[in-house]
Asker: 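One structure, as structure tokens, below. Some questions next.
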Amino acid sequence: MKNKISDVSIQINSFEINNILQLEAFRIQFLGSKSEIKNLFGELKTVPNEDKKSIGKELNDLRIQAEEKYAEHKEKLENNTTSKEAIDYSKPGENFSVGSHHPISLVRREIIEIFNRIGFVVSEGPEIEDDWHNFSALNFPPEHPARDMQDTFFIEKGENEMALRTHTSSVQVRVMENQKPPIRTISPGRVYRNEAISARAHCFFHQVEGLYIDKNVSFADLKQTLLYFAKEMFGEKAQIRLRPSYFPFTEPSAEVDVSCSICNAKGCNVCKYTGWLEILGCGMVDPNVLEAAGIDSKTYTGYAFGMGIERITQLKYKVNDLRLYSENDVRFLKQFTPSI
Ligand code: PHE
């Protein structure tokens, strides 16, 4: 019995109480209705009569030891959380996470910076567009099959047709209608297409489209501007190649590939062993588009280009699933730090 009492006494002494939970565990172990001390009191009847008095006293002392320790820590913990004096105002603050920039924002900012440096200014427009700015002014006749290239989310059909814009070329129409050349602008923004969501396609994504209109603007100007962009974005070694293509609003039109920066154009699974990656569409603004916006196509020429920000981000940060951009998974998002 004496041994048991001294064991419990040691346990009480060494029990660590640093928070409310530990305090409660201490109470249950030593002071609760099924506590070890209660059990020992129960065993008192088995003690020979002549020892009862002294053992009884030891047990009482043990209970007092536990009660005092409990009361002392309880007071300490309560004071810590409620008393103003206990707060140390000189302590350095705790760090908190300020979050990180979304990769699409980072790359959009970088693209804008690159074109700002050669005189392009940002223009913005509405995400809900009328037929004129999204299609008709861009040389898509009403039944033109090219309209099928862009599966559109229509908000209102019929006479007052309204839709979510399928590209930011619509913003360029607005700029041409409201400004006189020379025009040198880029329009970044979100666009929408009615596509099934997969690793390679999404129903919304982001574009930056560029437009330059002045006297004597040539295809050579376009090519040089895009080469400058590729080198600024992907490094001095970047090369571009142009392949003939078709867009209703440009003639001639081209698609532009950049040399694969992941394998240095040697061939890898990202560039499908071709050494090239498609990054944008471009061309000389069709005279019909200039005329539709009230610009004299005999005096002025221009070029336009458009790229997907997700695509550029994918190449820059090697992100291979478009869905990651809009899932808000912080494990994905916190990996990105600004490079500018
Ligand atoms: N608007 C086209 C698209 O969304 C891209 C483009 C812009 C192509 C300008 C040529 C010129 O796919």
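We count ligands from 1, going down the list as the structure has it; atoms in each ligand are counted the same way.
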Asker: When you check the side-chain N and O atoms of Thr313 and Tyr325, is any donor under 3.5 Å from an acceptor?
Answerer: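 No, Tyr325 and Thr313 have no side-chain donor paired with an acceptor closer than 3.5 Å.
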Asker: What I want to know is whether Gln207 and ligand 1 share at least one N or O pair that is separated by under 3.5 angstrom.
Answerer: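 Min N/O separation from ligand 1 is below 3.5 Å for Gln207.
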Asker: Can you name the atoms of ligand 1, numbered from 1 with element, that are less than 4.0 Å from a heavy atom of Phe249?
Answerer: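 Result: 1 (N), 2 (C), 6 (C), 7 (C), 8 (C), 9 (C), 10 (C), 11 (C).
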Asker: Do the ring centers of Phe153 and Tyr192 come within less than 6.0 Å of each other?
Answerer: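 Aromatic pair excluded; centres sit 6.0 Å or further apart.
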Asker: Is Lys2 salt-bridged to Glu58, going by a charged N under 4.0 Å from an acidic O?
Answerer: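 Here Lys2 pairs with Glu58 in a salt bridge, since their nearest N and O are under 4.0 Å apart.
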Asker: Decide whether the shortest distance between a heavy atom of Gln172 and an atom of ligand 1 is less than 4.0 Å.
Answerer: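 Gln172: no contact with ligand 1 (<4.0 Å).
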Asker: Checking side-chain polar atoms at under 3.5 Å, does Glu310 have a donor or acceptor matched by the opposite partner on His206?
Answerer: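 Judged by distance alone, the side chains do pair up.
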Asker: Which ligand 1 atoms does Phe305 reach within 4.0 Å, using its non-hydrogen atoms?
Answerer: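 This gives 7 (C), 9 (C), 11 (C) as the contact atoms.
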Asker: Closer than 4.0 Å to some heavy atom of Ser169 - which atoms of ligand 1 meet that?
Answerer: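 Within the 4.0 Å cut-off of Ser169, ligand 1 contributes 1 (N).
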Asker: Are a donor atom and an acceptor atom from the side chains of Asn49 and Lys52 found within less than 3.5 Å of each other?
Answerer: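 Present: a donor and an acceptor within the cut-off.
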Asker: List ligand 1 atoms under 4.0 Å from Cys282, heavy atoms only on the residue side.
Answerer: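 The list of qualifying atoms is 8 (C), 10 (C), 11 (C).
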Asker: Can you find an N or O of Arg193 that's nearer than 3.5 Å to an N or O of ligand 1?
Answerer: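 Between Arg193 and ligand 1, an N or O pair is found under 3.5 Å apart.
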Asker: Hey, is the main chain of Arg190 close enough, under 3.5 Å, to the side chain of Arg165 for a donor-acceptor pair?
Answerer: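 Answer holds: yes.
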